[in-house]
Amino acid sequence: MVRMASWAASIILVQEGLEPNFQMVCRDRNRLAMQSDIMGAYAHGIKNVLCLSGDHQQFGDHPQAKGVFDIDSMQLISVIKNMRDEGKFQGGAVIHEPPKMFIGAASNPFAEPLEWRAHRLAKKIEAGVDFVQTQCIYNMDIFREFVKQANDMGLLEKVYLLAGVTPMKSVGMAKYMQAKVPGMDVPDDLIKRLRGAGKGKVADEGIKIACEQIEEFKEMKGVAGVHLMAIEWEHKVPEIAERAKVLPRPKVE
Amino acid sequence: MVKGQRKPIDEITGALEKYSNVLNIGCGGCVSVCLAGGQKEVNLLNAELESIYKQNNISKKIEGFTVERQCNMQYLDELDDIAGGYDCLMSMACGAGVQYLAEKFPGKPVFPAINTVAIGIDREIGIYEEKCRACGECVLGYTGGICPVTRCAKGLFNGPCGGTNKGKCEISNDISCAWQDIYERLKGQNRLDDILKIKEPMEWKNQTQRTIIQEPYMKRYT
Ligand code: SF4
């Protein structure tokens with residue numbers, strides 16, 4: 001699906017006084033374009049960059065497009081770290097004004113092989129990631145296990161982990177996520193609970209579940225924050241934040 | 001070996017439309033092994049074309065000739081006395097063969113009759129699976145003999161991605177996730193250390209045409 005370039009949308013957010021998280025996928029750009037965009041984004045006051053592989057081009061409405069995948073997300077992280085810390089492009093040329101990016105990546109605690117997930121996070125940390133956002137969390141047991149393993153490996157002292165929260169709007173959405181979205185783990189119990197909420201109350205139950213999760217994440221060792229993705233429900237974010245008692249937002253200098 | 005698949009018949013008849021005297025040239029190499037462009041396939045295609053032309057009252061002469069390999073000039077030389085009698089050539093070889101044939105007869109239109117698809121293996125008779133993209137920087141040694149460039153839909157070097165789905169690739173439940181397979185194989189060999197290390201960005205070597213000179217021949221050719 002074609003969307004406005006993330007750097008462009010991020011510039012608008014900067015102009016609005018917000019701090020955007022600029023996203024970059026390896027599917028669409030080669031290393032030259034990526035580094036060039038990072039320089040441009042930084043020049044426009046963008047300070048965070050999320051490095052993703054990107055969903056395969058086969059999804060969406062341009063399935064025959066050529067995927068670039070010149071470098072992968074792991075390599076992108078190290079390229080940006082090298083730009084920032086060593087002041088060098090991947091090809092070795094010196095950068096006079098290195099982009100001081102805060103580097104992010106994704107982590108999916110639910111993708112098999114489960115025992116490999118923390119190791120993959122370790123690799124991303126070694127590559128130079130500062131923060132990670134997890135896949136939407138529905139299976140809390142597996143997530144707790146993942147956090148425990150990452151804590152045991154000493155990983156969560158080295159990276160800010162943001163737990164992914166996406167409230168369910170409907171039973172249909174939950175079932176779709178369970179069956180159709182790769183790398184998503186939606187337990188049957190959750191669907192049961194949503195169904196049990198009864199007619200007209202499912203969406204509210206979804207928000208309630210999300211708020212309970214956020215409460216638990218606030219206390220969880222190694223979890224630095226939450227990544228709230230209210231998919232096609234963006235206008236609900238203030239309400240969810242309010243109900244999860246994460247307002248007002250702290251000032252970050 | 002190289003694997004190919006015959007083009008749709010309409011595309012072939014379309015290409016030959018303007019010519020009345022066609023030589024269809026097969027190749028006894030890889031494309032013969034994968035049943036796409038050997039002598040047998042030349043005969044089959046010619047018979048199919050003849051019947052189409054007959055049905056439509058089109059007069060056209062189609063003849064066949066299969067050489068040992070179209071990727072070697074020595075074998076193409078066999079065509080010296082034959083090709084002149086035709087107003088176009090059709091090749092059932094891979095893209096390399098087609099080009100070498102066209103290079104040999106620069107005055108003659110040359111049309112490919114097959115699509116060159118892959119470097120692959122024979123799963124069963126008639127079933128071939130792509131295995132190699134000829135990237136020029138073989139990494140199989142550290143990926144348990146499973147190619148991430150060919151088999152991973154995103155060509156990841158530090159996989160698996162977050163879309164891996166119970167052993168399957170995010171793009172389809174019919175395709176196994178290359179990185180899950182790499183993981184399992186290396187785990188079985190106690191070699192997970194190989195993929196704990198970050199693999200640096202690839203130095204792509206297939207972005208310009210490559211010529212290979214084998215070491216013992218270096219002196220002779222450079
Ligand atoms: S699911 Fe596996 S094979 Fe498919 S793109 Fe991701 S890592 Fe590659």
Side-chain angles (χ1 to χ4, degrees), chain A residues 25-27 30-31 34-35 52-59 63 67-79 81-82 90-91 105-128 132-136 164 179-185, chain B residues 133 135-137 139 142-144 146-188 190-208:
Chain A
V25 296
C26 301
R27 180 194 60 211
N30 70 6
R31 61 190 84 179
M34 287 172 150
Q35 294 178 95
L52 305 166
S53 310
D55 290 340
H56 196 271
Q57 61 275 13
Q58 195 161 302
F59 299 105
V68 179
F69 300 112
D70 173 23
I71 56 177
D72 64 23
S73 60
M74 196 77 68
Q75 294 161 345
L76 175 59
I77 295 165
S78 35
V79 165
K81 183 182 160 70
N82 195 50
Q90 197 260 338
S107 168
N108 185 353
F110 311 102
E112 313 253 5
L114 290 183
E115 68 272 21
W116 182 248
R117 299 327 297 192
H119 292 286
R120 193 163 149 77
L121 175 61
K123 267 180 96 167
K124 288 195 174 171
I125 293 170
E126 196 195 323
V132 287
Q133 302 177 177
T134 77
Q135 175 67 285
C136 312
K180 293 271 152 51
V181 183
M184 195 75 81
D185 182 341
Chain B
R133 294 258 166 102
C135 71
E137 274 278 292
V139 297
Y142 95 101
T143 56
I146 294 168
C147 176
V149 178
T150 311
R151 286 219 19 222
C152 169
K154 300 178 187 171
L156 304 180
F157 288 92
N158 297 281
C161 74
T164 179
N165 207 0
K166 301 181 188 73
K168 301 294 178 194
C169 174
E170 70 168 36
I171 64 164
S172 161
N173 275 334
D174 301 327
I175 301 172
S176 75
C177 167
W179 274 97
Q180 170 93 24
D181 294 347
I182 291 169
Y183 176 83
E184 295 298 344
R185 186 164 299 166
L186 289 177
K187 191 175 163 194
N190 230 338
R191 282 175 59 203
L192 282 176
D193 279 359
D194 280 9
I195 50 169
L196 276 174
K197 285 177 262 165
I198 295 166
K199 179 88 177 117
E200 295 297 318
M202 183 78 160
E203 290 178 27
W204 294 108
K205 300 254 167 74
N206 55 358
Q207 304 298 296
T208 53

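The analysis underlying the following values was restricted to heavy atoms, covering all of them including side chains, and did not include hydrogens, waters or symmetry mates.
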J.: What residue, out of A:F59, A:F69, A:F110, has the most heavy-atom pairs lying under 4.5 Å from chain B?
T.: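 Counting heavy-atom pairs under 4.5 Å, the top option is A:F69.
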J.: Look at B:L192, B:I171, B:N173 and state which one has the largest set of heavy-atom pairs under 4.5 Å with chain A.
T.: B:I171
J.: I'd like to verify something: which residue of A:E112, A:R120, A:M184 has the highest number of heavy-atom pairs under 4.5 Å with chain B?
T.: A:R120
J.: Taking C-beta and beyond as the side chain, do B:Y183 and A:H119 meet within less than 4.5 Å on heavy atoms?
T.: no
J.: Between B:G162 and A:A111, what is the shortest heavy-atom contact and its length?
T.: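 For B:G162 and A:A111, the tightest heavy-atom pair comes out as O-CB, 4.0 Å.
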J.: Any chance you could measure B:K154, atom NZ, to A:Q58, atom CD, to the nearest 0.5 Å?
T.: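 Between B:K154 NZ and A:Q58 CD, I get 11.5 Å after rounding to 0.5 Å.
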J.: Sort B:K197 into side chain, backbone, both or neither according to what part of it lies under 4.5 angstrom from a heavy atom of chain A.
T.: backbone
J.: Do B:P201 and A:R31 have side-chain heavy atoms sitting under 4.5 Å apart?
T.: yes
J.: Roughly how far apart are A:I125 CD1 and B:I198 CD1, rounded to 0.5 Å?
T.: 10.5 Å
J.: Let me confirm one number: the SG-NE2 distance from B:C152 to A:H56, rounded to the nearest 0.5 Å.
T.: 8.0 Å
J.: Which atom pair, heavy atoms only, marks the closest approach of A:P182 to B:G163?
T.: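 It is CB-O, 3.2 Å.
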J.: Test your reading of the model: is there a side-chain donor-acceptor pair from A:Q75 to the backbone of B:K199, 3.5 Å cut-off?
T.: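 Checked: pair present.
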J.: Quick one: CE on A:M74 to CG on B:L156, what's the gap to the nearest 0.5 Å?
T.: 9.0 Å
J.: Below 4.5 Å from any heavy atom of chain B, which atoms of A:Q57 appear? Answer side chain, backbone, both or neither.
T.: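 When you check distances to chain B, no heavy atom of A:Q57 falls under 4.5 Å.
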J.: Taking side chain as everything from C-beta outward and backbone as N, CA, C, O, which of these in A:A127 sits under 4.5 Å from a heavy atom of chain B? Side chain, backbone, both or neither.
T.: both
J.: What's the separation between atom NZ in B:K166 and atom CG in A:D185, rounded to the nearest 0.5 Å?
T.: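 Result: 6.5 Å between the selected atoms.
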J.: Does atom CD of B:Q207 have more than 12 heavy-atom neighbours, drawn from other residues, nucleotides or ligands, at distances under 6.0 Å?
T.: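 Buried by this count: over 12 neighbours within 6.0 Å.
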J.: Who wins among B:S172, B:C169, B:G159, B:G155 for the most heavy-atom pairs under 4.5 Å with chain A?
T.: B:G159
J.: Do A:R117 and B:P160 have side chains that get closer than 4.5 Å, going by heavy atoms?
T.: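 A side-chain contact exists here, since the closest heavy-atom pair is under 4.5 Å.
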J.: Chain B heavy atoms under 4.5 Å from A:D70: which part of the residue, side chain, backbone, both or neither?
T.: both
J.: Between B:L196 and A:W116, is any pair of side-chain heavy atoms under 4.5 Å apart?
T.: yes
J.: What's the separation between atom CG in B:N158 and atom NZ in A:K124, rounded to the nearest 0.5 Å?
T.: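 If I round to the nearest 0.5 Å, the distance is 9.5 Å.
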